[in-house]
Amino acid sequence: MLKLGINIDHVATLREARYRGRTCGEPSPVTAAQVCEAAGAHGITAHLREDRRHILDRDIWALRQVVKTRLNLEMANTPEIVALALKLKPEIVCIVPERRQEVTTEGGLDVVAAEKSLAETCKKMNDAGIEVSLFIAPDEAQIDASARTGSQFIELHTGRFAEHFQGPEKGEVELQRLIAGAKQAHALGLQVNAGHGLNCENLTTLFRVPHLVELNIGHSLISRAVFSGLENAVKEMLAVMDDYR
Ligand code: PXP
């Protein structure tokens, strides 16, 4: 069964738009996580960015208290956040690149360039009982390097596929890259997640990618929740995902 991890950063983004610098405010990403879990989500994902633009430290510690499925901490590979993750003990961390100017995580990690320090972080996490996923583009060299770091998962960046899906070729070229990447990673013993830009429309095409374990979806789900409610939006996504074979 394909699992759904829900990225709740967008709930915190909405709160911060009004309540930045305050110790209270709505909507609460922690309550959102509870609603998502009650609706059937298999995990909760939150990105504690260096600039704390959406998820705050207090959110991540509260999430650790309430999340009953699986907490996936998205994080940059920096000493501050590595130390925090080792204390927080999420079930899994997803290491992502972080650029201050970007609106959201724009590209994949350059594992080839940072292989040594990523391998060190993977070892620290694994020794603490935390699994590791690396967020990468479907690129042969990046997948080979990921397998060498000791991470258990990769998360294939589906952003380019989602972008091209709106064009006449419906993302076919990017889809072929994702298919090849998933096969390569699976053959190397990596588990394969995917995420970024996924929605109920492009998901069924993405299902041609084999070996997928979990999808991480945020923006389209929270957007849909504005009109149909979070519980319904999660259930609707899960119903679409039921067709993955
Ligand atoms: N996976 C990763 C690693 C991400 O950085 C994001 C975006 O925060 C997502 C998944 C979810 O992307 P979206 O919000 O476009 O569904």
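Sequence positions, counted from 1, serve as the residue numbers for this chain. Indexing begins at 1, ligand by ligand and atom by atom, following the structure's order. Every value quoted in this text rests on a predicted model; they were computed, and no experiment measured them.
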List ligand 1 atoms under 4.0 Å from Gly197, heavy atoms only on the residue side.
12 (O), 13 (P), 15 (O), 16 (O)
If we number the atoms of ligand 1 from 1 as shown, the ones under 4.0 Å from a heavy atom of Ile217 are 16 (O)
At a 4.0 Å threshold, what atoms of ligand 1 neighbour a non-hydrogen atom of His10?
14 (O)
Verify the distance criterion only: is there a donor paired with an acceptor across the side chains of Asn72 and Glu91 at less than 3.5 Å?
no
In a check of side chain to side chain contact (heavy atoms under 4.5 Å, CB included) between Met241 and each of Leu198, Leu212, Thr204, Leu203, which one passes?
Leu203
Atom indices of ligand 1, in the order listed, that fall short of 4.0 Å to a heavy atom of Val96
3 (C)
Give me each pair satisfying ring pair (Phe, Tyr, Trp, His ring centres under 6.0 Å) with a member in residues 168-189, each pair once, sequence neighbours excluded.
His186-His211
Which one of His219, His196, His157, Glu155 has a non-hydrogen atom at the shortest distance from atom 1 (N) of ligand 1?
Glu155
Using the side chain to side chain contact (heavy atoms under 4.5 Å, CB included) definition, which of the options Asn7, Asn199, Ile6, Leu4 pairs with Ile217?
Leu4
Taking every non-hydrogen atom, the tightest pair across Ala46 and Ile60
CB-CD1, 3.8 Å
Backbone, side chain, both or neither: what part of Asn216 comes under 4.0 angstrom of ligand 1, heavy atoms only?
both
Return a yes/no value for Gly218: is any of its N or O atoms, backbone included, closer than 3.5 angstrom to an N or O of ligand 1?
yes
Among Val93, Thr149, Leu118, find the one that has a side chain to side chain contact (heavy atoms under 4.5 Å, CB included) with Val132.
Val93
What do you reckon, does Ser220 put a non-hydrogen atom under 4.0 Å from ligand 1?
no
Run the salt-bridge test on Arg177 and Glu174 with the 4.0 Å N-O cut-off and return the result as yes or no.
yes
Would you say His47 has any N or O atom under 3.5 Å from an N or O of ligand 1, going by distance alone?
no
